[in-house]
Amino acid sequence: QVQLVESGGGLVQAGASLRLSCTAVGYTFSSYGMGWFRQAPGKEREFVGGITWSGGSTSYGDSVKGRFTISRDNAKRTMYLQMNSLKPEDTAVYYCAARITRREVVFINGDEYRYWGQGTQVTVSS
């Protein structure tokens, strides 16, 4: 059974940094494309960024470009989201997602992912 476990969320002040982790259990991590999404109260789910199975390509949502960086370590079965220069509008529950693929394509639509983590809360105070 595929499981994704996020960690690293918390409460920080504007301008601070956080690093989220998403660790996979139960499948061949290197065969999966991965993504990060977030959802704030009363808002739709938003694509934060994604990374191909090889780590060779990444893509980011417009609101986080230049501030957030996604990486992965297939040996550790973990994907990371480094978040710098955090803003209050980054406050949300952050989810990681996975789909099996060996295509060098980042999927930006949440409906294209099959597996999801439970989410981790990130709160940025002003």
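Residue Y32 comes nearest to I100 through the heavy atom pair CD2-N, 3.3 Å, listed as atom of the first residue, atom of the second, then distance. When all heavy atoms are compared, the tightest approach of Q82 to S17 is NE2-CB, 3.9 Å. Taking each heavy atom of I70 and G49 in turn, the nearest pair found is CD1-C, 3.1 Å. Across all non-hydrogen atoms, the minimal contact from G35 to M79 is O-CE, 3.5 Å. Across Q118 and Y95, no two heavy atoms sit closer than the pair O-CE2, 3.6 Å. In terms of heavy-atom proximity, G119 sits nearest to V93 at CA-CG1, 3.8 Å.
Transitive grouping of hydrophobic side chains (ILVMFWY, heavy atoms separated by less than 4.5 Å) keeps W116 and L20 in distinct clusters. At a threshold of 4.5 Å between side-chain heavy atoms, the hydrophobic network of Ile, Leu, Val, Met, Phe, Trp and Tyr places V106 and V64 in two separate groups. V2 and I51 fall within a single hydrophobic cluster, where Ile, Leu, Val, Met, Phe, Trp and Tyr side chains are chained together by heavy-atom contacts under 4.5 Å. A single hydrophobic cluster is seen to contain both F107 and F37, as judged by linkage of ILVMFWY side chains at heavy-atom distances under 4.5 Å, directly or through other members. V12 and M83 fall within the same hydrophobic cluster, defined by Ile, Leu, Val, Met, Phe, Trp and Tyr side-chain heavy atoms under 4.5 Å apart, directly or through other members.
With respect to the salt-bridge test (charged N to carboxylate O, under 4.0 angstrom), the residues K65 and D62 qualify.
The side chain to side chain contact (heavy atoms under 4.5 Å, CB included) test with W53 is passed by exactly one of R102, R103, R99: R102.
To the nearest 0.5 Å, the span separating OG on S126 from CD on Q13 amounts to 9.0 Å. How far CZ of R72 is from SG of C22: 9.5 Å, rounded to the nearest 0.5 Å. Atom-to-atom distance recorded for E46:CD and Q39:CD is 10.0 Å, nearest 0.5 angstrom. Once rounded to the nearest 0.5 Å, the distance linking OH of Y60 with CZ of F68 reads 10.5 Å. We find the OG-CE distance between S71 and M34 to be 11.5 Å, quoted to the nearest 0.5 Å. Between C96 atom SG and E6 atom CD the span is 4.0 Å, to the nearest 0.5 Å.
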Verdict with reasoning, Q121 to T91, per side-chain contact (heavy atoms from CB on, under 4.5 Å): CA-CA 8 Å; Q121 176 72 45; T91 296; 4.0 Å; yes

Evaluation steps, side-chain contact (heavy atoms from CB on, under 4.5 Å), between R67 and D90: CA-CA 11 Å; R67 299 187 298 123; D90 294 318; 2.7 Å; yes

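Side chains of S54 and E104: a donor on one and an acceptor on the other come within 3.5 Å. T78 and T23 share a side-chain donor-acceptor pair at under 3.5 Å.
Annotation: side chain of S63 is in contact with side chain of R38 (closest heavy-atom distance under 4.5 Å).
By the 6.0 Å and 45° rule, R77 does not stack over the aromatic ring of F29.
No donor-acceptor pair under 3.5 Å is formed between the side chain of S57 and the backbone N or O of T52.
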